[in-house]
Participant: 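For reference, the structure I am asking about is given below.
Numbered from 1 within each chain, the chains take letters A, B, ... in sequence-line order.
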2 protein chains.
Amino acid sequence: MATVGIKDIAALAKVSPATVSRVLSSPELVSKKTLNKVKKIVDEMGYRPNRIGASLRTRKSGNIVAIIPDITNPVNAGIIRAIEQGAQSAGYSILLGDTQGLIERERHYADLVSSGQADGILLFGSRMPFKIDPNLPLLEQIPPMVNANESMNNDEIVQVAVDNVAAASAAVNYLISQGHQRIAAITGPIDVPSSNERLEGYILALQNAGIEVDSNLQIRGDYTVVSGVSSAEQLLLLRQRPTAIFCFNDEMAIGVMKLLKKQGFMIPEDISVMGFDDIHYAEFVTPALTTVHQPLKEIGTTCINLLLEQLRGNKVKPGKQFLPFELKVRASTGPAPRP
Amino acid sequence: MATVGIKDIAALAKVSPATVSRVLSSPELVSKKTLNKVKKIVDEMGYRPNRIGASLRTRKSGNIVAIIPDITNPVNAGIIRAIEQGAQSAGYSILLGDTQGLIERERHYADLVSSGQADGILLFGSRMPFKIDPNLPLLEQIPPMVNANESMNNDEIVQVAVDNVAAASAAVNYLISQGHQRIAAITGPIDVPSSNERLEGYILALQNAGIEVDSNLQIRGDYTVVSGVSSAEQLLLLRQRPTAIFCFNDEMAIGVMKLLKKQGFMIPEDISVMGFDDIHYAEFVTPALTTVHQPLKEIGTTCINLLLEQLRGNKVKPGKQFLPFELKVRASTGPAPRP
DNA sequence: CTTAACATGTAAATCGTTTTCAGCTAGCTA
DNA sequence: TAGCTAGCTGAAAACGATTTACATGTTAAG
């Protein structure tokens with residue numbers, strides 16, 4: 001806890017603070033002899049340079065703020081983990097901004113950049129946390145930033161995610177290939193772009209197969225288990241029940257399965273259930289959930305690399321960068337029942 | 001991105017930088033008139049004080065580093081979420097230190113305090129991330145710190161968790177009350193204190209009930225689903241099979257259930273399964289898992305409050321602080337089968 | 001009218017680094 | 001030997017706030 005500074009080291013080693021600084025950050029500029037002398041003292045004294053002082057001078061905090069609606073969401077947690085790993089290897093630390101979906105907290109965390117506490121932003125979510133002047137070029141108004149696992153309808157922003165349209169199409173195509181014709185969709189909240197993209201993919205797949213798109217089969221959920229339950233309840237009330245239910249995340253799929261089992265339906269013999277995300281537990285529910293796997297680690301790594309590249313001062317190709325999804329066929333889907 | 005400083009504001013408002021500083025941090029020292037004048041300019045210019053400059057002078061970073069072995073663990077994520085919330089309301093930000101269990105990364109993050117980037121530590125895990133001189137008083141060698149959800153065998157350190165001994169006892173007592181006599185335990189890794197405490201509670205409960213403690217019924221797991229599977233395999237090989245299996249976390253319980261179902265055992269008719277943690281998905285596996293609920297939000301809130309108190313310069317009662325657990329009886333446990 | 005007390009504001013030092021610029025030394029070339 | 005270069009090193013000026021010590025002006029009391 002005692003506070004030994006660069007000047008103390010300099011005095012002990014009988015050199016100037018400048019030389020000590022050089023020993024620590026650009027050793028190639030220092031002669032072998034003084035290098036060793038200074039290093040020895042640094043070790044002996046257990047000197048740790050004060051990062052705040054350095055930050056003030058260099059105008060780099062060494063921090064990246066991650067703005068996340070919910071860290072307890074396993075998808076976000078998985079991505080963050082990879083991000084943290086990449087950041088740490090590059091000498092950056094991650095500031096955790098769990099916003100609980102509140103815009104004022106998003107703003108608060110975005111402000112850390114203006115106040116010098118962070119150099120860049122990883123944004124989970126689709127809302128721009130700044131006031132933007134539409135008359136000025138966007139890129140001059142925002143700090144280095146990467147949009148993780150969501151979509152912002154702005155092609156100048158660097159975005160990393162799975163191609164939700166294609167992924168949803170693939171999921172629905174699989175169900176169609178199993179003979180399903182009445183395929184329901186349980187979406188996410190209306191203002192979530194990735195959910196809308198999945199809906200687009202769902203509709204596209206049906207249309208391509210010449211299946212009529214029935215809006216009664218589209219229920220809006222909110223990505224929670226209980227909304228899966230209630231959405232499934234609604235679907236079961238339909239005169240013509242679906243033979244397959246495509247849930248836009250695994251949580252809701254778990255809710256759907258819970259209700260179907262409770263009501264005595266067999267999965268997949270009576271109704272197939274498809275999820276999205278491939279969270280850890282998807283594999284362990286009964287029956288194991290068929291779902292779309294998102295490569296969380298790769299998403300995280302790609303995000304942090306693109307951000308680091310910007311922080312190094314390099315331009316990065318703007319727009320969406322897609323990572324490959326994978327359809328995980330497990331036991332919750334099967335051939336459509338004969339009518 | 002333009003950089004307007006306190007001096008610019010001072011110049012525009014025709015006051016000194018000192019006055020601007022006071023307007024922002026101790027407005028009561030400034031006359032109404034200048035207060036308004038300065039505030040107006042601050043707003044107009046969208047001035048954000050540079051936190052690094054302030055930190056350098058005040059020697060407070062406004063950051064707290066959370067050292068966590070695994071943020072994707074829902075227990076940790078739940079606690080962190082509450083922590084982040086409390087920290088933010090108090091004007092602190094959380095630095096996320098996901099260490100993946102590596103001691104060098106724990107050290108790295110602990111070092112953020114010595115380098116001035118963080119003012120305090122929230123430690124998930126039981127390893128002291130500093131070099132400690134045993135001859136000196138401990139408290140003078142460590143920064144403000146709270147140990148979250150684990151145990152360190154040192155009564156000077158502030159610790160917040162559930163009483164694992166009592167909780168495990170309660171779980172086992174419940175199984176005993178259901179008529180079980182051969183109760184197996186699947187523990188966590190050997191070096192995890194909380195797992196050892198749960199083992200202690202397990203043994204205590206058996207002894208109190210006059211049930212012989214059979215070491216064949218104690219299997220060491222590692223808190224993963226697969227270790228639940230393999231541990232259950234081992235238990236099924238025993239000549240005298242257990243009628244109940246107490247898993248020291250829910251992940252392993254999920255693994256156990258998976259295996260039991262695969263091998264054709266009925267849960268709980270043949271074998272009861274008990275978990276620990278009450279993660280979100282415990283409720284949704286089939287059958288729903290009986291488990292020990294940990295109050296994640298309260299743990300997080302208590303941790304951050306105790307840390308904030310220390311950061312304010314106040315002493316805090318050292319040692320363990322227990323929060324109440326709750327036995328959640330669901331469908332995975334039932335009366336012991338007749339022999 | 002004088003003086004003390006108080007309210008308000010300013011100047012300047014300070015926090016711990018990095019980095020520019022200049023200076024010094026030694027070795028080499030012409 | 002003078003001049004030049006290359007290689008090191010040091011002095012000092014930032015960076016952007018806070019805070020101490022002090023100056024000024026105002027009010028109130030005696």
Participant: Is A:Ser31 close enough to D:dG7 that one of its side-chain N or O atoms is under 4.0 Å from OP1 or OP2 there?
Facilitator: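 For D:dG7, OP1/OP2 do not have a side-chain N/O of A:Ser31 under 4.0 Å.
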Participant: Using a strict heavy-atom distance below 4.0 Å, which residues from residues 6-16 of chain A are in contact with DNA chain C?
Facilitator: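 Close to the strand are A:Ile6, A:Lys7.
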Participant: Have A:Glu150 and A:Ser194 got a donor and an acceptor in their side chains that come within less than 3.5 Å?
Facilitator: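 A:Glu150 vs A:Ser194: donor-acceptor pair found between side chains.
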Participant: Using a heavy-atom cut-off of 4.0 Å across all strands, would you classify A:Thr34 as base, sugar-phosphate, or nothing?
Facilitator: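 The answer is sugar-phosphate, as A:Thr34 gets under 4.0 Å only of primed atoms, P, OP1 or OP2.
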Participant: Remember a base hit wins even if backbone is also touched, and classify B:Val30 as base, sugar-phosphate or nothing at under 4.0 Å, heavy atoms.
Facilitator: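 B:Val30: backbone/sugar contact only, no base atoms under 4.0 Å.
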Participant: Using a cutoff of under 3.5 Å, can you pull out all pairs of nitrogen or oxygen atoms linking the protein to nucleotides 19-28 of chain D, with atom names and distances?
Facilitator:
residue : atom : partner : partner atom : Å
D:dT19  : O4'  : B:Arg57 : NH2          : 3.4

Participant: To the nearest Å, give me how far apart CG (B:Leu24) and P (D:dA17) are.
Facilitator: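 So the two atoms are 9 Å apart, to the nearest Å.
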Participant: Would you mind reading off the bend of the helix from C:dC1-D:dG30 to C:dA30-D:dT1 from its two end axes, five pairs each, to 10 degrees?
Facilitator: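 About 60°, once rounded to a multiple of 10°.
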Participant: What parts of residues 37-47 of chain B reach DNA chain C, counting only heavy atoms under 4.0 Å away?
Facilitator: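 Within this stretch, nothing sits under 4.0 Å of the strand.
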Participant: Going by salt bridge (charged side-chain N to carboxylate O under 4.0 Å, His left out), name the pairs with one or both residues in residues 109-130 of chain A, residues two or more places apart or in two chains.
Facilitator: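 Only A:Glu106-A:Arg127, A:Asp111-B:Arg48 qualify under salt bridge (charged side-chain N to carboxylate O under 4.0 Å, His left out).
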Participant: Under the side chain to side chain contact (heavy atoms under 4.5 Å, CB included) rule, collect the residues that match up with B:Arg81, sequence neighbours excluded.
Facilitator: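 Side chain to side chain contact (heavy atoms under 4.5 Å, CB included) list for B:Arg81, sorted by chain: A:Asp70, A:Ile71, A:Thr72, A:Asp98, A:Gln100.
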Participant: Give the minimum heavy-atom separation between B:Val158 and B:Gln310, together with the two atoms involved.
Facilitator: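 So the minimum-distance heavy-atom pair works out to CG2-NE2, 3.8 Å.
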